[in-house]
Q: 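Before I ask anything, let me first share the structure, which is written out below as structure tokens.
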Amino acid sequence: MARLTEDAKGVYVIAVTPFTDDGALDLASIDSMVDFYEGAGVTGLTVLGQLGEAPKLTAEESRTVVERVLKRLDGRLPVVVGVSAPGLAPMRELSEAVMAAGAAGVMVAPPWTVKTDDQAFAFYQSVGETLGDTPFVLQDYPLTTNVTIAPKVIERIVNEVPNCVMLKHEDWPGLAKISALRAASDKGGMRRISILCGNGGLFLPEEMSRGADGAMTGFCYPEMMVGVVEAYAAGHPDRAHAIFDAYLPLARYEQQQGIGLACRKYVLAKRGVIKSATLRKPGASLSALDIADVERLLARQAIRLREIGA
């Protein structure tokens with residue numbers, strides 16, 4: 001598989017990690033999930049992300065998940081693997097293992113201990129050195145890491161750490177950050193890298209209009225992200241917004257803290273993508289009222305999609 005580069009674009013969906021009802025890894029559902037994402041038209045997969053419940057996996061389980069995904073895809077789509085860790089040694093170990101297995105690159109979020117601009121740069125400089133020639137994604141997600149990385153710091157990282165090839169932009173919504181980084185690369189102030197966006201796609205149309213190359217996030221209907229990105233690439237922003245609007249109520253519901261992932265897994269299980277909606281403990285589950293909300297949103301979404309011919 002070719003390695004991740006600064007030219008990456010499209011939709012790299014954040015994959016869930018399927019478990020059985022008793023919390024064991026469900027390898028068969030990994031296969032069906034991969035088939036589903038590929039059939040939905042995604043460009044690549046990102047595994048072991050925050051909403052892939054990566055912190056709940058053992059080191060052996062993490063490698064098992066990656067190897068199963070790679071085996072199922074058989075090189076047809078690139079795979080990015082989250083390798084964030086409190087220390088550089090486990091990060092290096094997992095990165096070397098997944099790259100040897102065929103991953104295209106890895107993703108690294110900063111630890112909560114990063115407080116200043118200099119610390120942010122120093123951390124990613126160390127990451128670049130630790131990973132050697134492995135291309136990596138800088139995950140900028142202050143809502144969960146409590147680390148804010150200013151555009152000028154990202155510029156410095158990009159210019160001085162050559163294996164940083166992508167920004168996963170998850171500021172809230174941070175649209176000005178995308179504009180600033182694109183202006184910097186347009187003026188020659190920094191190397192142009194890929195920018196893929198997260199936050200469940202809640203700001204995807206606006207992010208695309210600011211110069212993002214696509215999405216790297218999860219949603220129980222990846223068709224939304226694929227449709228928005230493809231419409232923008234084809235020069236049809238109004239169509240992109242129409243597609244986005246049809247899915248927005250459910251995407252909004254899925255972004256709730258606590259039950260958001262439970263909602264995503266419930267819908268994926270309902271769609272037959274995975275067998276069980278179980279989150280590994282500790283994890284939330286939907287109440288009867290939550291399920292009623294989701295079912296209502298799904299019914300209304302189906303009506304809206306028919307209206308726009310999607």
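Only this structure's heavy atoms are used, side chains among them; waters, hydrogens and symmetry mates stay out.
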Q: Does Phe219 have any ring pair (Phe, Tyr, Trp, His ring centres under 6.0 Å) partners at least two apart in sequence or in another chain, and if so, which?
A: none
Q: I want to check something: taking the side chain as every heavy atom from C-beta on, are Pro142 and Trp172 in contact at a cut-off of under 4.5 Å?
A: no
Q: Quick one: does Cys197's side chain get under 4.5 Å of Ile178's, heavy atoms only?
A: yes
Q: Might you confirm whether atom CZ of Arg271 has over 12 heavy atoms from other residues, nucleotides or ligands at distances under 6.0 Å?
A: yes
Q: Indicate whether any N or O donor in one side chain lies under 3.5 Å from an N or O acceptor in the other, for Glu170 and Gln139.
A: yes
Q: Report yes or no: do Glu295 and Tyr266 form a side-chain donor-acceptor pair below 3.5 Å?
A: yes
Q: Would you call Arg68 and Arg72 a side-chain contact if the rule is heavy atoms closer than 4.5 Å?
A: no
Q: Should Tyr124 and Glu160 count as side-chain neighbours, where that means a heavy-atom distance under 4.5 Å?
A: no
Q: Is there side-chain contact between Glu254 and Ile259, with heavy atoms separated by less than 4.5 Å?
A: no
Q: Out of the candidates Arg182, Lys9, Lys168, only one should pair with Asp213 under the salt bridge (charged side-chain N to carboxylate O under 4.0 Å, His left out) rule; please name it.
A: Arg182
Q: For residues 81-101, which side-chain donor-acceptor pairs fall under 3.5 Å, sequence neighbours excluded?
A:
unit_1 : atom_1 : unit_2 : atom_2 : d
Ser84  : OG     : Ala109 : N      : 2.7

Q: Test side-chain contact (heavy atoms from CB on, under 4.5 Å) on Lys265 and Ile274; report intermediate values, then the result.
A: CA-CA 8 Å; Lys265 280 192 157 183; Ile274 56 178; 4.2 Å; yes
Q: Show the nearest heavy-atom pair for residues Leu298 and Leu250, with the distance to one decimal.
A: CD2-CD2, 3.7 Å
Q: With heavy-atom distances below 4.5 Å as the criterion, would you say the side chains of Ile193 and Leu167 are in contact?
A: yes
Q: Got a salt bridge between Arg280 and Glu53, using NZ or NE/NH1/NH2 to carboxylate O under 4.0 Å?
A: no
Q: Indicate yes or no: does Arg192 engage Asp7 in a salt bridge with an N to O separation below 4.0 Å.
A: no
Q: Does Glu6 pair with Arg191 as a salt bridge, N-O distance under 4.0 Å?
A: yes
Q: State which residue, out of Asp26, Val16, Thr17, Val13, fulfils the side chain to side chain contact (heavy atoms under 4.5 Å, CB included) condition with Met33.
A: Val16
Q: Please report the closest heavy-atom contact between Ala120 and Val153, naming both atoms and the distance.
A: CB-CG1, 4.0 Å
Q: Please tell me whether Asp118 and Thr116 have a donor and an acceptor in their side chains that are separated by less than 3.5 angstrom.
A: no
Q: Decide yes or no for Ile157 and Gln125: does some side-chain heavy atom of the first lie under 4.5 Å from some side-chain heavy atom of the second?
A: no
Q: For Ser32, give me all partners under side chain to side chain contact (heavy atoms under 4.5 Å, CB included), at least two apart in sequence or on another chain.
A: Ser29
Q: Using a strict threshold of under 4.0 Å (side-chain N to carboxylate O), is an ion pair present between Lys275 and Asp21?
A: no
Q: Counting heavy atoms not belonging to Glu307, are there more than 12 under 6.0 Å from its CD?
A: yes
Q: Is it the case that atom NZ in Lys115 sees more than 12 heavy atoms from other parts of the structure closer than 6.0 Å?
A: yes
Q: Evaluate Arg156 against Asp117 for salt bridge (Lys or Arg N to Asp or Glu O under 4.0 Å), listing each step before the verdict.
A: CA-CA 10 Å; Arg156 185 182 177 194; Asp117 289 349; over 6 Å; no
Q: Any chance NZ of Lys56 has more than 12 other-residue heavy atoms, nucleotides or ligands included, within less than 6.0 Å?
A: yes
Q: With hydrophobic residues grouped by side-chain heavy-atom distances under 4.5 Å, do Phe123 and Val165 end up in a single group?
A: no
Q: If every non-hydrogen atom of Lys177 is compared with every non-hydrogen atom of Ile149, which pair is closest and at what distance?
A: NZ-O, 2.7 Å
Q: Does some side-chain heavy atom of Val42 sit less than 4.5 Å from a side-chain heavy atom of Tyr12?
A: no
